[in-house]
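When a residue number appears, it is its place in the shown sequence, counting from 1. Remember, it's 1-based here, ligands and their atoms both numbered in the order they're listed.
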Amino acid sequence: MQLNYIANASQPSSSGLTIAVVDPSDGQTYDQIQRSNAADIDVAVGAARQCLEAVWRKLGGAERGRLLMRLSLKISERVDELAAIEQRDCGKPTKQARADAVALARYFEFYAGACDKLHGETIPYLDGYSVLTWREPHGVTGHIIPWNYPMQIFGRSVGGALAAGNVCVIKPAEDACLSLIRVAQLAAEVGFPAGAINIVTGYGHEVGDALARHPGIDHISFTGSPPVGTLIQQVAAVRHCPVTLELGGKSPQVVFADADLDAAIPAIISAIVQNAGQTCSAGSRLLVDQAIYEPLLERLGEAFEKLRVGPAAMDLDLGPLIRQSQQQRVWDFLSDAQVANIRMVAHGKVVDEAPESGFYQAPTLLRDVPPMHRLAQEEVFGPVLCAMSFRDEDHAVELANATHFGLVAGVWTADGARQFRMARRIRSGQVFINNYGAGGGVELPFGGVKSSGYGREKGLEALHGFTTLKTVAFKHG
Ligand code: NAD
């Protein structure tokens with residue numbers, strides 16, 4: 001039985017209710033988490049506030065940095081343990097689960113170094129005045145986390161918030177809590193004061209909603225789906241609470257005829273099969289110069305047929321999807337493709353060892369997907385790559401920008417001037433030229449435009465979002 005972790009202590013929910021923890025590889029329940037409620041959130045926010053006022057505010061940046069660094073080192077020692085927890089909880093192949101744990105350590109390492117380097121400015125003003133700015137923490141920050149990359153998103157969001165001097169109340173996704181409970185315990189072991197990191201588990205519409213509404217939460221960092229992002233904004237607007245929204249994507253990979261296909265092909269595949277396609281920044285739309293459309297699809301088709309899906313512990317190209325409803329969602333998209341006569345180029349294979357009760361989906365390559373079809377517009381959040389061709393650069397830009405999303409884009413071309421033009425013209429938070437970084441790069445500011453959200457996490461830029469700027473003007477004559 002997993003308990004909440006509040007003020008460095010394991011605590012049951014006052015509801016007395018629990019939620020089953022299911023292994024996506026075989027569909028079997030193997031643990032329980034707390035189904036917490038608004039009262040539990042109240043306790044966690046109170047513990048965080050107490051920590052902020054009594055301890056955390058008084059620590060210098062260097063001291064906070066040392067704590068974050070100690071946690072980074074502790075996580076690095078425990079990569080195998082954390083990866084094993086995540087593998088079973090989320091169905092991640094070993095390579096992916098380990099990469100997530102390593103990234104978590106890296107986030108705390110990066111933000112440890114930033115704690116004592118966040119400073120304001122002096123501003124030239126009228127004669128007889130001195131003006132300066134201070135970057136101040138919001139106070140108690142709320143973090144609502146999705147199930148696809150719990151450790152990575154905790155690292156970037158909570159790591160950045162703590163570095164900026166905030167204390168945190170975290171609501172992990174109901175499907176993926178176990179690794180984060182363990183990380184909070186490790187933080188206590190390395191000396192984080194009680195109340196700096198608090199984990200409260202449960203359903204989004206219950207405990208997530210209670211967190212977003214709580215008057216003691218001074219900033220909300222939400223990572224998840226656009227519809228829930230809208231709800232969070234509405235709830236936060238009532239009390240003018242600042243929000244960072246990291247939402248979904250339908251990110252294009254644009255391949256010109258002069259591209260180095262030997263480099264592009266593995267990156268295109270990994271950008272859609274990574275984490276079984278359950279990645280906000282998955283490269284899920286493939287836009288190809290008509291001159292190389294057929295040969296590229298042929299090569300990709302051959303590669304897709306070799307992809308293997310199976311239980312997470314087999315460490316194949318893909319593990320299962322997170323849950324049965326996610327599997328059903330992907331099936332619904334694929335049956336819509338059939339209805340619209342969208343052709344399948346190729347698909348991978350679910351291995352015979354995969355239990356029938358697991359949530360498996362073979363990676364699938366579709367071609368000539370109409371740009372306005374829901375397959376080209378909405379997040380499938382599964383391993384489905386939608387290919388279409390373009391005539392020229394203008395057409396490529398038009399297609400790249402033709403969704404409500406704007407999170408990440410990849411451009412593959414040898415033409416230097418075109419690289420810059422494309423990077424300028426594509427509307428998204430990140431553009432990768434001749435590479436693709438789904439989720440990678442702790443140092444690289446990340447976030448969206450349009451329905452992909454606003455605000456930035458990762459990199460030093462995140463620290464601006466986790467602080468508020470105070471301007472102080474002295475008149476001294
Ligand atoms: P989701 O929106 O259903 O849930 C995200 C979190 O919000 C969960 O913790 C959930 O419990 C909580 N939640 C749900 N309803 C809530 C409510 N009414 N009030 C408060 N909290 C609530 O998303 P998901 O299915 O867990 O994750 C997939 C989505 O997340 C995709 O759209 C994906 O693109 C997006 N995502 C974005 C990023 C990014 O950095 N931009 C990263 C990962 C995932």
Numbered atoms of ligand 1 (with element) below 4.0 Å of [X], judged on heavy atoms:
X: E246; value: 37 (C), 38 (C), 39 (C), 40 (O), 41 (N)
X: N148; value: 43 (C), 44 (C)
X: I153; value: 42 (C), 43 (C)
X: G208; value: 19 (N), 20 (C), 21 (N)
X: E174; value: 10 (C), 11 (O)
X: C280; value: 33 (C), 34 (O), 36 (N), 37 (C), 38 (C), 39 (C), 40 (O), 41 (N), 42 (C), 43 (C), 44 (C)
X: P172; value: 9 (O)
X: P146; value: 26 (O), 27 (O), 43 (C), 44 (C)

* Structure fact -> Contact region, T279 to ligand 1, non-hydrogen atoms below 4.0 Å, reads neither

* To do: Answer with side chain, backbone, both or neither: which part of V235 has a heavy atom less than 4.0 angstrom from an atom of ligand 1?
  => neither

Side chain to side chain contact (heavy atoms under 4.5 Å, CB included) partner of [X], chosen from [options]:
X: H143; options: I153, N166, I170; answer: I170
X: Q419; options: T413, V431, V411; answer: T413
X: L180; options: L82, I145, D89, I85; answer: I145

At what distance is the nearest protein heavy atom to [atom], and which residue and atom is it?
atom: atom 12 (C) of ligand 1; result: I144 CG2, 3.6 Å
atom: atom 5 (C) of ligand 1; result: T223 O, 3.7 Å
atom: atom 18 (N) of ligand 1; result: L231 CD1, 3.7 Å
atom: atom 15 (N) of ligand 1; result: V228 CG1, 3.5 Å
atom: atom 14 (C) of ligand 1; result: G204 CA, 3.6 Å
atom: atom 8 (C) of ligand 1; result: I145 O, 3.4 Å

* Does Y149 have a non-hydrogen atom less than 4.0 Å from ligand 1? -> no

Using a plain distance cutoff, I'd like to know if [X] has any nitrogen or oxygen under 3.5 Å from a nitrogen or oxygen of ligand 1.
X: K171; value: yes
X: R156; value: yes
X: L247; value: yes

* Asked: Does the protein put a heavy atom less than 4.0 Å from atom 25 (O) of ligand 1?
  -> yes

* Find the distance between CZ (F154) and OG (S179) and round it off to the nearest 0.5 Å. => 9.0 Å

Please work out which of [options] has its closest non-hydrogen atom nearest to [atom].
atom: atom 29 (C) of ligand 1; options: C177, S452, G224, S251; answer: G224
atom: atom 34 (O) of ligand 1; options: K458, R329, E379; answer: E379
atom: atom 23 (O) of ligand 1; options: A176, S225, G229; answer: S225

* Asked: In this structure, are over 12 heavy atoms from other groups packed under 6.0 Å from H347 atom NE2?
  -> no

* **Residues R35, E206: salt bridge by 4.0 Å N-O rule** => yes

* **Main-chain N/O of D26 paired to Q28 side chain as donor or acceptor, under 3.5 Å** => yes

* For the side chain of N435 and the backbone of I433, is there at least one donor-acceptor N/O pair under 3.5 Å apart? -> yes

* Asked: Do the two ring centres, one from F466 and one from H219, sit under 6.0 Å apart?
  -> yes

* Asked: Can you check whether W331 and F359 have ring centres sitting under 6.0 Å from each other?
  -> no

